[in-house]
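Take a look at the structure set out below.
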Amino acid sequence: MSRISVRSGVAGVLAMTALGGAGLWASAAAAASTPAESVVANFESGPFHIQFNASRAANAPADAASGNFAAHVTLGSATAISLAGPVTCLDVRGNEIGLFYPAVVSDPALIYDAFHGFYIYVTESSAGTPLYAGFIPSFSGRATSCTPIPGFLPITSGTVTTTNPTATVNPLVASPASSHRATLQAATNATLNKTIVVDSRGRTVYELSPESTHHLLCTKANGCFGVWTPFTVPSARTKLSAAHGIKGKLGILHRDGFFQVTLGGHPLYHFAGDQSTSGSAKGQGIRSFGGTWHTVAATATTSTPAPTSPTPTPAPPTPTPPGYSY
């Protein structure tokens with residue numbers, strides 16, 4: 001396989017992701033009694049193209065799984081990263097999938113020098129449509145558990161077929177056609193020493209300056225979505241609300257096959273290097289993709305969020321992809 005040089009920003013993102021999420025899996029344990037499980041997947045999420053097949057026998061522990069995993073990251077027309085390895089852990093919980101694989105094939109090799117394995121997780125709708133994916137690099141090539149957590153990278157195309165006879169659907173991730181609500185809240189961040197905007201799960205949201213709904217800088221084409229994941233909702237009919245102290249008009253931007261929340265005319269994102277829980281804002285001040293990433297300032301309040309009506313915005317033309325730096 002031919003090798004190409006990879007910008008240092010890619011390796012930096014992997015490192016920050018590991019620091020923010022590696023501990024999420026340590027205390028998770030698979031159920032003592034489980035049905036036979038199997039998953040076959042082939043999908044794309046931003047610059048990631050992921051394929052895997054995995055299975056484990058009934059009542060077998062999560063780390064008794066078998067299968068194969070392969071992933072490619074493309075920047076433009078070039079393959080920047082290739083990873084592959086055997087699946088050694090599988091845990092399906094309703095419409096959420098968690099697996100682990102040791103990265104025995106790594107191109108460039110520097111990725112394996114830093115991380116010896118990856119946790120992968122996928123979230124499906126109640127109808128079986130793949131919605132979100134995620135990954136957490138591991139410094140170890142072994143895992144005894146791989147309990148799934150909700151994905152955060154929108155899956156743009158592809159399929160995921162899951163066999164799990166006793167599966168139950170997480171009501172928080174129902175069919176996109178059902179009624180949904182998205183809420184923005186104000187939270188005090190001790191590290192930044194200010195009040196910022198977070199989503200209903202406490203995850204920090206960001207905006208890219210000088211990006212706007214009419215001048216998009218972060219796009220699927222330039223690989224931005226692999227690092228800065230759009231804050232999405234299932235449809236343009238999703239009800240939006242914001243706590244008192246959060247200024248700006250809420251809206252929904254239809255772009256690249258999904259619906260992104262906007263505030264004050266700025267698309268909102270999550271940073272892959274943050275933890276899934278509240279209190280992390282490691283993306284503050286990063287310069288990449290033609291601008292600077294900032295948390296969204298808010299005024300501290302304990303008031304109940306007031307519902308608002310979203311304003312759908314037509315998707316503007318995608319600009320020429322800018323470069324990025326760290």
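It should be emphasised that the depicted structure is a prediction, and the values quoted were computed from it without experimental measurement. All heavy atoms count here, side chains included; hydrogens, waters and symmetry mates do not.
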**Prompt:** Rounded to the nearest 0.5 Å, how far apart are NE2 of His116 and CZ of Arg142?
**Reply:** 13.5 Å
**Message:** Is it the case that the side chain of Ser241 and the backbone of Thr183 share a donor-acceptor pair, with hydrogens and angles ignored and the cut-off at 3.5 Å?
**Reply:** no
**Item:** Flag side-chain contact, heavy atom, 4.5 Å: Ile149 against Thr123
**Value:** no
**Message:** With heavy-atom distances below 4.5 Å as the criterion, would you say the side chains of Val39 and Leu99 are in contact?
**Reply:** no
**Residues which pass ring pair (Phe, Tyr, Trp, His ring centres under 6.0 Å) with Phe100, listed by chain and number, not counting sequence neighbours** = Tyr119
**Message:** A side-chain contact here means heavy atoms from C-beta on lying under 4.5 Å apart; do His215 and Leu217 qualify?
**Reply:** yes
**Asked** Do Tyr132 and Thr232 meet the criterion of a side-chain donor-acceptor pair at a distance under 3.5 Å?
**Response** yes
**Message:** Less than 4.5 Å apart, side chain to side chain, heavy atoms only: is that true for Pro102 and Pro86?
**Reply:** yes
**Glu211 side-chain N/O to Cys218 backbone N/O, donor-acceptor pair under 3.5 Å** = yes
**Request:** Kindly give the heavy-atom pair with the smallest separation between Ile246 and Leu263, and that separation in Å.
**Result:** CG2-CD2, 3.8 Å
**Message:** Applying ring pair (Phe, Tyr, Trp, His ring centres under 6.0 Å) to Phe225 and Phe258, what does each step give before you reach the verdict?
**Reply:** CA-CA 12 Å; Phe225 291 174; Phe258 60 88; 5.6 Å; yes
**Asked** Between Ser138 (side chain) and Ser140 (backbone), is there a donor-acceptor pair under 3.5 Å?
**Response** yes
**Asked** Can Phe118 and Phe69 be said to form a side-chain contact (heavy atoms from CB on, under 4.5 Å), step by step?
**Response** CA-CA 10 Å; Phe118 288 85; Phe69 181 94; over 6 Å; no
**Fill in**
From the list Phe289, Trp293, Tyr206, ring-ring contact (aromatic ring centres under 6.0 Å, His included) with Tyr269 holds only for Trp293
**Item:** Same apolar cluster (I L V M F W Y, side chains within < 4.5 Å links), Phe43/Phe48
**Value:** yes
**Asked** When rounded to the nearest 0.5 angstrom, what is the spacing between CG in Asp199 and CD in Gln185?
**Response** 7.5 Å
**Message:** Test side-chain contact (heavy atoms from CB on, under 4.5 Å) on Ile50 and Val122; report intermediate values, then the result.
**Reply:** CA-CA 11 Å; Ile50 295 174; Val122 177; over 6 Å; no
**Donor-acceptor contact below 3.5 Å, side chain Ser212 vs main chain Gly265** = no
**Request:** Side-chain contact test, heavy atoms from C-beta onward, threshold under 4.5 Å: evaluate it for Pro230 versus Pro267 and give yes or no.
**Result:** no
**Item:** Asn189 side chain reached by Thr295 side chain, heavy atoms, under 4.5 Å
**Value:** no
**Asked** Is the Tyr101-Phe52 ring centre distance short of 6.0 angstrom?
**Response** no
**Rounded distance [0.5 Å steps], CG in Asp91 versus CD in Glu37** = 6.0 Å
**Item:** Atom pair CG/CG of Leu240 and Leu184 - distance to nearest 0.5 Å
**Value:** 7.5 Å
**Complete:** Rounded to the nearest 0.5 angstrom, the OG1-CD distance for Thr156 and Glu44 is 5.5 Å
**Asked** Short question: side chain of Gln260, backbone of Leu253 - any donor-acceptor pair under 3.5 Å?
**Response** no
**Request:** Applying side-chain contact (heavy atoms from CB on, under 4.5 Å), run through Asp107 and Thr79 and close with a yes or a no.
**Result:** CA-CA 10 Å; Asp107 186 10; Thr79 298; over 6 Å; no
**Request:** Ignoring hydrogens and angles, tell me if any N or O in the side chain of His294 forms a donor-acceptor pair with the backbone of Leu208 under 3.5 Å.
**Result:** no
**Message:** Minimum heavy-atom separation for Ala62 and Cys146, please, with both atom names.
**Reply:** CB-SG, 4.3 Å
**Item:** Distance-only side-chain donor-acceptor flag, Thr292 / Ser209, under 3.5 Å
**Value:** no
**Prompt:** How many angstroms lie between CD1 in Ile252 and OG1 in Thr238, if you round to the nearest 0.5 Å?
**Reply:** 5.0 Å
**Item:** Chi angles and distances behind the side-chain contact (heavy atoms from CB on, under 4.5 Å) call for Glu124, Ile97
**Value:** CA-CA 8 Å; Glu124 300 178 286; Ile97 303 162; 4.0 Å; yes
**Request:** Can you see which heavy atom on Gly158 is nearest to which on Pro130, and at what distance?
**Result:** O-CG, 3.7 Å
**Prompt:** Does NZ in Lys247 sit with more than 12 non-hydrogen atoms of other residues, nucleotides or ligands closer than 6.0 Å?
**Reply:** no
**Asked** Is His270 reaching over with its side chain to a backbone N or O of Phe231, donor-acceptor style, under 3.5 angstrom?
**Response** no
**Fill in**
Note: Val160 and Ala41 closest approach over all heavy atoms is CG2-CB, 3.9 Å
**Message:** A side-chain contact here means heavy atoms from C-beta on lying under 4.5 Å apart; do His49 and Thr74 qualify?
**Reply:** no
**Message:** I want to check something: taking the side chain as every heavy atom from C-beta on, are Arg255 and Thr213 in contact at a cut-off of under 4.5 Å?
**Reply:** no
